Protein chains: 2
Amino acid sequence: MADIEKQVGFVEQVGLYFEGVGLARIAGRVIGWLLICDPPHQTQPDLVEALGASKSSISVALKDLTTLYLVERFTLPGDRRTYYRTSKDMWSRSFRARMHQISELKALGEAGLAALEGESPERLKRLSLMRDMNAFMAEEFPKLLDKWDAIKREKGYDDL
Amino acid sequence: MADIEKQVGFVEQVGLYFEGVGLARIAGRVIGWLLICDPPHQTQPDLVEALGASKSSISVALKDLTTLYLVERFTLPGDRRTYYRTSKDMWSRSFRARMHQISELKALGEAGLAALEGESPERLKRLSLMRDMNAFMAEEFPKLLDKWDAIKREKGYDDL
DNA sequence: TTATTTGTTCGGTCAATACCGAACAAACCG
DNA sequence: CGGTTTGTTCGGTATTGACCGAACAAATAA
């Protein structure tokens with residue numbers, strides 16, 4: 001059965017999670033709601049109603065989320081309204097965002113090494129490690145994503 | 001040669017990076033400085049001087065960083081002062097933090113499924129995907145870290 | 001046309017928090 | 001013993017930004 005209490009809790013938790021990774025809390029709540037709502041596509045007024053937020057906040061949150069490709073706009077023939085739903089690849093997107101952070105660290109390591117050009121190898125060791133570790137991870141991440149894509153298809157998640 | 005300009009830029013960049021992942025900007029600057037300074041261990045007054053921050057801010061930043069095991073306290077025999085340096089495994093630590101986020105998402109997916117207990121499989125699909133993808137990544141991450149540890153040893157980074 | 005629905009943008013308010021300076025606390029040195 | 005160095009804690013300030021309401025815009029329905 002539908003445990004409304006738990007559903008509300010879920011939405012709040014997801015809100016806090018995404019707030020923790022840099023989004024606005026409301027944007028996180030939108031994601032949470034879009035993950036459990038029925039139907040899976042919702043209009044802005046739907047979201048205003050469901051989340052008890054102002055329509056301006058919802059509007060901004062959806063703009064951010066669509067820009068990040070975590071949520072996509074969606075329409076139905078014969079229906080002039082605009083719906084929003086989680087994007088099929090939202091989790092891959094989130095993952096790629098992490099990957100980007102790693103690449104950033106790799107680049108920062110390189111920048112640091114450039115700044116210490118000519119210094120002793122001993123002095124450069126901290127930065128080399130920083131660069132090499134993050135370079136390694138930046139290389140491995142895409143492989144993980146590929147691997148997951150295969151499993152995903154195996155599991156029959158193709159349509160999602 | 002030591003390009004001071006670039007070094008300052010590096011410290012600022014690292015500061016911004018770590019601010020972006022949830023630390024205080026000053027804490028990020030401390031990390032940046034500890035990655036390039038000579039010697040690699042520094043006292044609190046050293047950091048106050050180098051970063052132009054107040055000693056209270058430095059004190060707090062170091063407390064946070066040592067709690068996260070990104071920086072460690074360090075002493076020298078016959079020297080009563082306390083030094084601070086980046087910890088050997090600071091990058092693995094950062095990585096494990098990411099891993100923890102992934103596990104959190106997995107757990108959130110499970111919580112969502114519990115909240116929708118009894119609903120149609122169709123409705124549960126978004127949450128199942130969320131759970132399965134993050135479960136997969138949470139399993140693969142430790143393997144990546146192991147793989148890196150081997151390479152790290154190969155590369156002669158053992159002592160760092 | 002006018003009224004209603006939907007949506008964006010802008011200004012202001014409020015909350016969170018990073019940072020500093022000052023007060024306080026130890027430990028060591030003269 | 002003072003006095004100096006080192007370090008933490010606390011209160012206040014200032015910045016940031018999330019959020020809301022209101023104004024505005026545009027499209028549709030009556």
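For clarity, every value in this text was computed on a predicted model and none was experimentally measured. We name chains A, B, ... by the order of the sequence lines, and we start the count at 1 in each one.
- Atom CG of B:Leu47 and atom P of C:dC19 are 14 Å apart (whole Å).
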Original post:
Tell me, for nucleotides 13-30 of chain D in 5' to 3' order, what letter each nucleotide earns: B for a base near a protein heavy atom under 4.0 Å, S for only sugar-phosphate near one, - for neither?
Top reply: ------SBBB-----SS-
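- Once rounded to the nearest 0.5 Å, the distance linking CG of B:Leu34 with CG of B:Leu47 reads 5.5 Å.
- One can place CG of B:Asp79 at 12 Å from C1' of C:dC28, the figure rounded to the nearest angstrom.
- The side chain of A:Ser59 contributes no N or O atom lying less than 4.0 Å from OP1 or OP2 of C:dG7.
- B:Lys63 places its NZ atom 10 Å from the P atom of D:dC10, with the value rounded to the nearest Å.
- Spacing between atom OH of B:Tyr83 and atom C1' of D:dT5 amounts to 13 Å, rounded to whole angstrom units.
- Separating the CZ atom in B:Arg29 from the OG atom in B:Ser57 is a distance of 10.0 Å, to the nearest 0.5 Å.
- Residue A:Thr82 is classed as a sugar-phosphate contact, given heavy-atom separations below 4.0 Å to backbone atoms only.
- Applying the 4.0 Å criterion to OP1 and OP2 of D:dT5, one finds that B:Arg81 has every side-chain N and O outside that range.
- One finds a side-chain N or O of A:Gln44 lying less than 4.0 angstrom from the OP1 or OP2 phosphate oxygen of C:dT8.
- The two residues B:Gly28 and B:Val14 make their nearest non-hydrogen contact at O-CG1, 3.5 Å.
- Counting only residues at least two apart or in different chains, side chain to side chain donor-acceptor pair (under 3.5 Å) contacts with residues 60-69 of chain B are absent.
- Side-chain rings of A:Phe141 and A:Phe95 approach one another, their centers coming within less than 6.0 Å.
- Applying the salt bridge (charged side-chain N to carboxylate O under 4.0 Å, His left out) test to residues at least two apart or on different chains, none of the pairs has a partner in residues 43-52 of chain B.
- With rounding to whole Å, B:Asp64 atom CG is found 8 Å from C:dA18 atom P.
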